[in-house]
Amino acid sequence: MYNPAFSSRGSGGYPRQSANQAWKQITMATIRETLDQLISDALSQVSGIADCQAILVPASRPEFGDYQANGVMSIAKQLKKNPRELAAAVCDRLESGELVDHFEVAGPGFINIHLSDNWLASRATALLDNQAELVQQTARPETIVVDYSSPNLAKEMHVGHLRGTIIGDSLVRILERLGHQVIRQNHVGDWGTQFGMLLAYLQQVSDDLDSLSTELEDLEAFYRAAKEKFDADPEFANQARNSVVRLQGGDEQSLMLWHRFIEESLRHCEAVYDKLQIRMRRSDLRAESFYNDSLPGIISELEKQDLLTVSQGASCVFLPEFQGKENEPLPLIVQKSDGGYLYATTDLAAIRFRATELAAERVLYVVDARQGLHFQQVFAVARAAGFVAPECRLEHVAYGTMMGKDGKPFKTRSGGLIKLIDLLDEAVRRAFDLVSARSPELDEETRREIADKVGIGAVKYADLSKNRTSDYVFDWDSMLALDGNTAPYLLYAYTRIRSILRRQEDGAEASITATSAIAITTAEERQLIVKLLRLPEILQTVATDYYPSHLCTYLFELAGLFMRFYEACPILKAEPPVRASRLALARFTAATLSEGLDLLGLETLEQM
RNA sequence: GCGCCCGUAGCUCAACCGGAUAGAGCAUCGGCCUUCUAAGCCGAGGGUUACAGGUUCAAGUCCUGUCGGGCGUACCA
């Protein structure tokens with residue numbers, strides 16, 4: 001399901017322009033946008049219908065050219081005209097300027113667009129010295145808050161946190177690359193009843209604050225032990241509840257202990273972030289407890305607006321669009337019957353903070369799909385209460401559950417959750433074994449470095465490359481596979497290019513770009529260039545639908561096209577002008593792969 | 001019960017506001033290394049897109065129903 005909230009597609013609002021002007025603007029827009037604009041306008045002029053949509057997409061088959069316009073046929077239908085004739089009339093109106101070699105009518109009324117070889121080559125050449133210009137900054141930067149990762153500090157990060165952390169981080173990188181102002185928010189769980197239990201247990205096992213680090217070394221085991229005692233020992237359970245009350249009452253000793261605990265737990269998270277190369281900093285931390293003081297205000301505001309109903313002792317907001325079992329109205333409970341606040345209350349406070357203090361125009365929640373109803377309710381209540389302006393977009397960027405190979409949620413054999421840090425260590429270990437088997441000639445330190453990047457990259461890429469909303473099967477063998485749409489394949493493609501470039505540099509030759517111009521001499525070169533120039537289109541797509549898998553597919557196809565080029569076209573052995581051109585193309589590809597991988601959060605390497 | 005998501009090749013997955021002959025990888029089979037890293041490339045086989053209707057010039061995609069699966073559904077997060 002693509003975001004229904006984002007419906008501002010189409011080309012309305014652009015000024016009309018002649019074909020000749022359009023070519024000059026190509027550096028400002030993607031090829032696709034330029035062609036879309038051009039053909040949409042021509043279609044409007046020919047049909048007399050305002051704001052026609054050309055529906056421009058990459059050609060579905062190579063013989064159909066580079067792009068195709070699908071929009072003529074539905075317009076012809078509206079006009080009761082022959083679609084092929086209408087398409088022909090549109091083509092007549094289009095000039096084949098610098099960008100396009102020719103347009104042609106095809107099939108039932110498609111317009112196929114064949115880009116000019118000269119334009120492609122000169123565009124690629126022009127980008128050689130300043131490749132960053134391939135991806136333009138957006139004309140309308142937005143302030144976008146991204147809530148992602150957000151683990152619960154009571155426990156250690158486990159596999160359930162992996163997807164949100166990886167996907168969120170990639171989305172952030174992509175949005176930033178396009179020029180948006182992104183504000184990360186790590187909404188960690190650092191408050192609530194389980195902390196009473198943990199603090200009570202901590203006090204039991206150790207009076208000595210200095211030994212706290214040792215006690216919490218294995219947070220997961222610590223939590224389990226505390227929980228066991230809580231369930232088995234009524235007296236301890238009582239102490240735990242008292243501990244919560246003291247903590248919430250602002251007792252200094254309790255708060256200090258709590259701070260130490262949170263600090264220790266955060267260190268665990270940061271170790272995972274470091275290993276995963278996640279760009280989440282302390283300054284991005286906005287824990288649940290941050291909103292504690294604003295929770296009473298949320299309740300009173302809801303009350304003031306007559307949104308609050310007390311039901312079975314709990315303070316609720318009932319909205320007509322939410323129904324539960326037996327068509328009973330379904331509440332969003334914002335205050336428990338014992339007076340305590342909940343997840344929903346904190347989320348409402350966070351929404352208000354993000355919309356007002358952070359001035360967000362979009363807020364993305366990269367959170368498990370199972371919380372879909374929760375966010376629907378929270379968003380609806382926030383809007384009803386006016387906590388966000390109507391034009392501020394709130395989007396739940398949902399992701400599916402991580403499954404084991406058996407199709408059940410990913411667990412250890414004993415049924416426990418797998419610690420994320422252990423999973424990552426295993427990834428690196430497996431990668432090390434692979435590298436050692438494949439490249440025994442490399443020294444151990446080099447193999448360790450390679451294993452680190454390949455192992456972590458494999459875990460991240462396996463996740464990113466799959467449909468975000470589907471449940472996803474975690475499988476070591478397929479993610480570390482050497483072929484297919486995997487991190488090792490892409491990283492290998494990159495190292496091959498680097499290897500060529502190194503050889504060229506060793507030849508003491510001047511920089512590639514000084515003298516070289518990219519020329520198209522084969523179909524493989526041409527396909528590669530067309531693909532390279534499409535990067536900005538893909539990034540735009542990901543920035544609007546939040547599916548990093550589109551970027552993965554693009555990079556996989558790009559790497560595949562390079563491999564084909566590599567097999568078909570000698571580079572270093574080519575004659576000088578062609579040699580320089582192919583070297584430049586190789587360098588362009590390497591840079592694009594590197595940039596794309598970086599936007600996914602993967603590090604490249606020089607050799608494998 | 002109701003709501004959300006899903007059902008595509010033996011397996012894991014694609015398919016860009018509906019578009020031309022539904023594509024990759026794995027697995028299977030067959031080719032390519034004295035030549036820039038074979039962790040690669042080329043080729044072959046493999047499909048009633050769960051099922052039944054409907055809308056449309058055009059449906060894997062939209063609508064209705066059926067079957068199957070996952071998740072959610074009042075004081076956890």
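Throughout, a chain's letter reflects where its sequence line sits, starting with A, and its residues are numbered from 1. Computation of the quantities below employed the complete heavy-atom set of this structure, encompassing side-chain atoms and omitting hydrogens, waters and symmetry-equivalent molecules.
Nucleic acid contact for A:N152: none, since no nucleic acid atom lies under 4.0 Å from a heavy atom of the residue. Residue A:I55 is in base contact, counting any heavy-atom pair closer than 4.0 Å across all strands shown. Among the protein residues, A:L330 comes within range of the sugar-phosphate backbone only, with heavy atoms under 4.0 Å from sugar or phosphate atoms but none that close to a base. Base engagement by A:G324 is indicated by at least one non-hydrogen atom pair under 4.0 Å involving a base atom. At a threshold of 4.0 angstrom between heavy atoms, the contacts of A:Q323 with the nucleic acid are absent. Across all strands, A:F375 comes closer than 4.0 Å to no nucleic acid atom at all (heavy-atom distances). Contacts of A:Q607 with the nucleic acid, taken as non-hydrogen atoms under 4.0 Å apart, include base atoms. Nucleic acid contact class of A:E606 (heavy atoms, under 4.0 Å, all strands): base. A:N112 comes within 4.0 angstrom of a nucleotide base, judged by non-hydrogen atoms across all strands. Contact annotation for A:A76: no contact, since no heavy-atom pair falls under 4.0 Å across all strands. Using a 4.0 Å heavy-atom criterion, one finds that A:T346 contacts no nucleic acid atom at all. A:C569 comes within 4.0 angstrom of a nucleotide base, judged by non-hydrogen atoms across all strands.
Phosphate proximity of B:C76 to A:K336: present, with a side-chain N or O under 4.0 Å from OP1 or OP2. For A:H550 and B:A15, the shortest distance from a side-chain N or O to OP1 or OP2 is below 4.0 Å. Contact annotation: A:S499 side-chain N/O to B:U37 OP1/OP2 distance is under 4.0 Å. Between A:R32 and B:C16 there is no side-chain N or O to OP1 or OP2 distance below 4.0 Å. The phosphate of B:A14 (OP1 or OP2) has a side-chain N or O of A:N467 nearer than 4.0 angstrom.
Closest approach to the A:V473 side chain among B:U12, B:A20, B:U37 is made by B:U12 (side chain taken as heavy atoms from C-beta onward). Counting only heavy atoms from C-beta on, A:Q68 has its side chain closest to B:A20 among B:C75, B:A24, B:A20. Nearest to the side-chain atoms of A:A106 among the listed nucleotides B:A20, B:G72, B:C75 stands B:A20. Residue A:E63 places its side chain closer to B:U21 than to any other of B:A77, B:U21, B:C75. Distance from the side chain of A:R61 is smallest for B:A20 among the nucleotides B:A77, B:G19, B:A20.
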Between the protein and nucleotides 54-61 of chain B, list every N/O to N/O distance that falls short of 3.5 Å.
{"unit_1": "B:C57", "atom_1": "OP1", "unit_2": "A:K77", "atom_2": "NZ", "d": "2.1"}

Polar atom pairs (N or O), protein with nucleotides 39-45 of chain B, under 3.5 Å:
{"unit_1": "B:A39", "atom_1": "O3'", "unit_2": "A:L482", "atom_2": "O", "d": "3.1"}
{"unit_1": "B:G40", "atom_1": "OP1", "unit_2": "A:L482", "atom_2": "O", "d": "2.4"}
{"unit_1": "B:G40", "atom_1": "OP1", "unit_2": "A:D483", "atom_2": "N", "d": "3.4"}
{"unit_1": "B:G40", "atom_1": "OP1", "unit_2": "A:D483", "atom_2": "OD2", "d": "3.2"}
{"unit_1": "B:G40", "atom_1": "OP2", "unit_2": "A:D483", "atom_2": "OD2", "d": "2.5"}
{"unit_1": "B:G40", "atom_1": "O2'", "unit_2": "A:R496", "atom_2": "NH1", "d": "2.8"}
{"unit_1": "B:G40", "atom_1": "O2'", "unit_2": "A:E567", "atom_2": "OE2", "d": "3.4"}
{"unit_1": "B:C41", "atom_1": "OP1", "unit_2": "A:Y489", "atom_2": "OH", "d": "2.8"}
{"unit_1": "B:C41", "atom_1": "O4'", "unit_2": "A:E567", "atom_2": "OE2", "d": "3.3"}
{"unit_1": "B:C42", "atom_1": "OP1", "unit_2": "A:R564", "atom_2": "NE", "d": "2.7"}

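Of the residues listed (A:F375, A:F379, A:Y546), the one engaging A:H396 in a ring pair (Phe, Tyr, Trp, His ring centres under 6.0 Å) is A:F375, and it is the only one. Of the listed residues (A:F290, A:Y341, A:W191, A:Y291), just one forms a side-chain contact (heavy atoms from CB on, under 4.5 Å) with A:T346, and that residue is A:Y291.
Under the 4.0 Å criterion applied to side-chain N and carboxylate O atoms, A:R534 and A:E537 are assigned as salt-bridge partners. Using a 4.0 Å cut-off between a side-chain N of Lys or Arg and a carboxylate O of Asp or Glu, A:K227 and A:D231 qualify as a salt bridge. Contact check on A:E557 versus A:K531 returns a salt bridge, with a Lys/Arg side-chain nitrogen under 4.0 Å from an Asp/Glu carboxylate oxygen. Using a cut-off of 4.0 Å between Lys/Arg side-chain N and Asp/Glu carboxylate O, A:E524 and A:R564 are scored as not salt-bridged.
Between the side chains of A:E525 and A:T522, at least one donor N or O sits under 3.5 Å from an acceptor N or O. With no hydrogens or angles considered, a side-chain donor-acceptor pair links A:N485 and A:Y461 at under 3.5 Å.
In this structure, A:R429 forms no cation-pi arrangement with A:F432, as its terminal cationic atom is not both closer than 6.0 Å to the ring centre and no more than 45° off the ring axis.
The number of heavy atoms from other shown groups lying within 6.0 Å of CD (A:E575) does not exceed 12.
One atom, CG of A:L561, and another, C1' of B:A24, lie 13 Å apart when rounded to the nearest Å. With rounding to whole Å, A:N485 atom CG is found 9 Å from B:C13 atom C1'. Taking atom NZ of residue A:K466 and atom P of nucleotide B:G25, one finds them 15 Å apart after rounding to whole Å. In this structure, A:F322 places its CZ atom 12 Å from P of B:C4, rounding to the nearest Å.
The structure places CG of A:L480 at 8.5 Å from OG1 of A:T486, a figure rounded to the nearest 0.5 Å.
No donor-acceptor distance shorter than 3.5 angstrom exists from the side chain of A:Q68 to the backbone of A:F110, with no hydrogens or angles considered.
Using atom P as the reference point in both B:C5 and B:G47, the two lie 31 Å apart (nearest Å). Comparing B:U48 with B:G30, their C1' atoms are spaced 30 Å from each other, to the whole Å.
Nearer to the 5' terminus of RNA chain B, by closest-nucleotide assignment, is the contact made by A:P58 (compared with the other of A:P58 and A:Y341).
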- Parsed dot-bracket for RNA chain B after applying the Watson-Crick and G-U rules with both distances under 3.5 Å and | for other-strand partners is (((((((..((((.....[...)))).(((((.......))))).....(((((..]....))))))))))))....
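Residues A:H161 and A:Y148 place their aromatic rings such that the two centres sit no closer than 6.0 Å.
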